[in-house]
Amino acid sequence: MTRPMRTGFAAILLLAILGCAPLWAVDADALLAEVDQRMQPGALEMYRKIINVEPDGRSREFVLYTVRSGADSMAAVFLDPASERGRSTLRLGENMWLYIPDVGRPIRITSLQSVVGGVFSNTDILRLDFSVEYSATLLEEDEEQYVLDLQARGPEVAYDRLKMWVDQQTRTPAKIEAYAATGLLIKTLEYSRITDFGDGIVRPAMLETTSPLQRGYRSVMLFSGIARRDFPDEVFSLGYLPRIGDLRR
Amino acid sequence: MKHGRFGLLLFLLPALGFAEFEFDFDVGRYERKPYEVSGYLQGTAEHFLLDRDSALYALNFPDGQRRDFQRYRATGNLSGQYRWDDTTLNGRLQAEWRDDVFGSSEDVTVQELYLNHRFGDRLSGEAGKRTLRWGTGYAWNPAAFLERPKDPTDPDLTREGFVLAQGEYVRSFDGPLRTLMVNPLVLPVNDDLNEDFGAKSALNPAGRVYLLYRDTDIHLTARASGSRPGALGIALSRNLAPHFEAHAELAGFGRREVTVVDGDGTLDSRDARSTDFLLGLRYLTQWETTWIAEYYHNGAGYTRQEIRNFFDLARESGDDPAVQRKAAQARASGYGAPQVMRDYLYLRVRHSEPWDLLYWAVGGTVIVNLNDGSASLIPELSYTGIANLEVRGRLAALTGGRNTEFGERQNDWRLELRARYSF
């Protein structure tokens, strides 16, 4: 290689490095962990209303009380409608159970199933921290948002890949596209209504999802009463499932 | 100006789309109250087309005249809970009115009524009438030693409990063992208490240990010898993939007497020391169809000859009231249980919103007696388009030849329409 060629190659390499510098400046996994911290800051309780809007325009509502602890423990109980009242779900890592009062026994359910119908799957309703299930790469960045590519850490994760748009200012997700391993778009989730819930929790209060696989359906999740609260680990066990509702204040 | 209005309309359109729905959320009404009441009202109409050649028809209709009949049932189920401090009073009451060719009857049952007290995060105790649900199987639970029999054609139905006292210790860990739960209990039987659990008075200690170990549910169950023979069991369940669950149960029972009908029509008993097991799976397809399949081995079940002897006795009962009493006694002593032979296959399929039909679900259940090839086929259709109301239609058809379990049942088929309103 002649000297001018070497100089030219070095210059191109330097430019490439400088050009990529803004991308390198952001640690994608650290950013994802920050998103998790803002969306579900540690141990907490919250109320959620899920509204399934059917293709014929009718809607169906579900209200859940949810408790969470650690990175992978979550439980929720249905408070409405009457036909679902008392049904409880528990997630410990990739394990999920459903307790139906009439049946009286927790049964294992799968993450891709939906206990409420509509577009939200069980994994959306009992969502763990993104950083527990995915590793992140920064795809793009502009003045308003980052775009992250999230790859599932294992085959047991419900969605193989996520593309996440993160608002630069609030460090919360604005939009997520969920893909199957085949590259098929399974659903799109859009967050809105940034709300101050108090105690330093500022995050979206509304999540809307649509799916090309369920055309005409739309599901909305509203968040309320999000508050930091510690729970003993024993709350997240099968024996406690019938009593999750007793934790309400 | 025109463009301005059009632009404003375009801007407002998405909001107008949302405006039809209530997107406000007042959590105040969902805060914990000291008491909660819920339940359902249910009406069921059934039409039975009878199999006049079957053995159980001869037993139930000795005059041999009836071709079909209807049954109507009205059921109310009320659950309540009252909490104070760390104590909770729980109850479930079921009232049923029933009318069919055999007459009208009313029945009020306290299915559950028990006190639960928490002594801390890890320890609790309860006493009273309680329905336990052990095991991991869907249609059958051989490792569930303290329950009334489950109806495999409708496994989710509520069932009556027994009076018992039990403790619960639960502990969570980091590492491969995530959860440990221990439930020791006693189920006393005497002339006034739990007399339908067994004839012999005893304290009946029993217990369960539950482990969540390496993402597998492990239930170890035990019942000391008392009103019923001693038993040991294990039940397992695990998700092998996000859409695929597998489960199994294995139970060993101490010596017990099984009532059998001899070749000459007399009631006798034989000793059985059986091992029962169940293998099952639950699979969800990407098109939202759920499949549940189970194989069940009932170790102490009747042989083909033993069931044939019973059917012969039942068939003769139309001619002789004494024989009819004997056949009825045999039925009450074991032959009348839901699945009494040795090997069964269960398959249930359920698909929501078929052909994009909102609120509808189609499905079916098949129970096959692998020993004689007879089967029960139950296609069903349900609709949940009205808030808190579920309407379900089922057709239960029985197939099988002479001296087979399902072939000798009293009806050829049964059409059922059920409406349940939850509150």
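Everything quoted here is computed from the prediction, not taken from an experiment. Lettering follows sequence order; numbering is per chain, from 1.
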I want to know whether A:Tyr99 and A:Trp97 have ring centres closer than 6.0 Å.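 They do not qualify: ring centres at least 6.0 Å apart.
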At a 4.5 Å cut-off on heavy atoms, which part of A:Pro106 comes close to chain B: side chain, backbone, both, or neither? neither
Examine whether an atom of A:Arg85 lies under 4.5 Å from a heavy atom of chain B, and if so say whether it belongs to the side chain, the backbone or both; otherwise answer neither.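 A:Arg85 touches chain B through side-chain heavy atoms alone.
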Out of A:Asp72, A:Ile125, A:Leu128, which one pairs with A:Arg91 under the side chain to side chain contact (heavy atoms under 4.5 Å, CB included) rule? A:Leu128
I'd like to know which of [options] tops the heavy-atom pair count under 4.5 Å against chain A.
options: B:Leu212, B:Thr179, B:Thr131; answer: B:Leu212
options: B:Tyr40, B:Tyr359, B:Tyr138, B:Tyr210; answer: B:Tyr359
options: B:Gly135, B:Ser124, B:Ser352, B:Ser79; answer: B:Gly135
options: B:Met181, B:Arg238, B:Arg420, B:Glu390; answer: B:Arg238
options: B:His247, B:Arg178, B:Arg133, B:Gln111; answer: B:Arg133
options: B:Arg159, B:Arg92, B:Gln81, B:Arg171; answer: B:Arg171

Parallel, tilted or perpendicular: rings of [Y] and [X] (30°, 60°):
X: A:Tyr47; Y: A:Tyr65; result: tilted
X: A:Phe231; Y: A:Phe236; result: perpendicular
X: B:Trp360; Y: B:Tyr383; result: tilted

Using non-hydrogen atoms and a 4.5 Å limit, figure out which bit of B:Asp217 sits close to chain A: side chain, backbone, both or neither.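 Both backbone and side chain.
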Give, as side chain, backbone, both or neither, the part of B:Glu31 having an atom under 4.5 angstrom from any heavy atom of chain A.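 When you check distances to chain A, atoms from both the backbone and side chain of B:Glu31 fall under 4.5 Å.
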Let me see the working for A:Glu45 and A:Arg248 under salt bridge (Lys or Arg N to Asp or Glu O under 4.0 Å), right down to the final yes or no. CA-CA 9 Å; A:Glu45 63 180 347; A:Arg248 285 174 293 160; over 6 Å; no
Residue of the set B:Arg118, B:His117, B:Glu126 for which side chain to side chain donor-acceptor pair (under 3.5 Å) holds with B:Thr87: B:His117
